[in-house]
Amino acid sequence: MISEAEKAKLHVGYKQALRALSEDKVCKVFIAEDCDEHIKEGINKLISEKNTPLFFVPTMKELGNICSIEVGASCAVVLK
């Protein structure tokens, strides 16, 4: 899902994702299905404007593991 090369360009967390999306610096978006609804809505609003690919991960814990962090993550983006 996220290659080793992409991990170097990974930004984890809602605020970092929103900032990168608004600056049009994102090539992929990952959202945990069990995160808060306002996070999903905020991210979905921006990606629909930018036509950025969106991938869902079942849990925040699983997304955190994919991102190589010790805690859960609501969302993550891969920079261009």
Side-chain angles (χ1 to χ4, degrees):
M1 189 174 282
I2 299 176
S3 70
E4 289 302 316
E6 290 175 331
K7 284 187 180 183
K9 300 176 185 177
L10 191 66
H11 281 207
V12 181
Y14 181 61
K15 288 181 184 178
Q16 288 190 24
L18 286 181
R19 186 178 304 118
L21 280 164
S22 65
E23 294 172 359
D24 201 24
K25 295 181 176 180
V26 176
C27 66
K28 287 184 184 178
V29 178
F30 298 90
I31 297 180
E33 292 177 4
D34 64 344
C35 74
D36 291 339
E37 230 16 76
H38 78 275
I39 292 174
K40 290 179 191 175
E41 290 170 6
I43 297 291
N44 279 325
K45 181 180 175 185
L46 280 175
I47 63 169
S48 65
E49 296 169 3
K50 309 285 185 183
N51 294 323
T52 307
L54 172 64
F55 301 91
F56 285 99
V57 179
T59 66
M60 291 174 60
K61 181 176 174 77
E62 189 174 334
L63 183 55
N65 287 337
I66 291 170
C67 296
S68 302
I69 61 173
E70 305 260 334
V71 296
S74 59
C75 58
V77 295
V78 176
L79 301 180
K80 293 179 181 176

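Atom NZ of Lys7 has more than 12 neighbouring heavy atoms from other residues, nucleotides or ligands inside a 6.0 Å radius.
Taken from CD1 in Ile69 to CG in Leu10, the straight-line distance is 8.5 Å, to the nearest 0.5 Å. Annotation: the span from Ser68 atom OG to Glu4 atom CD amounts to 7.0 Å, rounded to 0.5 Å. Atom OG1 of Thr52 and atom CG of Leu46 lie 8.5 Å apart (nearest 0.5 Å). Going from atom CZ of Phe56 over to atom CG of Leu63 covers 11.5 Å, rounded to the nearest 0.5 Å.
Scanning all heavy atoms of the two residues, the minimum distance from Ile43 to Cys75 falls at CD1-SG, 4.2 Å. Listed here is the closest heavy atom pair of Ala32 and Ala73: CB-O, 3.6 Å. Scanning both residues, Ala17 and Val77, for their nearest heavy atoms gives CB-CG1, 3.7 Å. Closest heavy-atom contact between Cys27 and Pro53: O-CD, 3.2 Å. Residues Gly42 and Tyr14 approach most closely at CA-OH, 3.8 Å, considering heavy atoms. The two residues Asn51 and Ser48 have their closest heavy-atom pair at OD1-O, 3.7 Å.
Note on Leu18 and Leu54: same hydrophobic cluster, where clusters join Ile, Leu, Val, Met, Phe, Trp and Tyr whose side-chain heavy atoms are under 4.5 Å apart, directly or indirectly.
At a threshold of 4.5 Å between non-hydrogen side-chain atoms, the residues Val26 and Val78 do not count as touching.
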Verdict with reasoning, Ile66 to Phe30, per side chain to side chain contact (heavy atoms under 4.5 Å, CB included): CA-CA 10 Å; Ile66 291 170; Phe30 298 90; over 6 Å; no

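Judged as a side-chain hydrogen bond (donor to acceptor under 3.5 Å, both in side chains), the pairs with a partner in residues 19-42 (not counting sequence neighbours) are, in order, Glu6-Lys28, Glu23-Lys25. Listed by first then second residue, pairs satisfying salt bridge (charged side-chain N to carboxylate O under 4.0 Å, His left out) with a partner in residues 47-66 number zero, not counting sequence neighbours.
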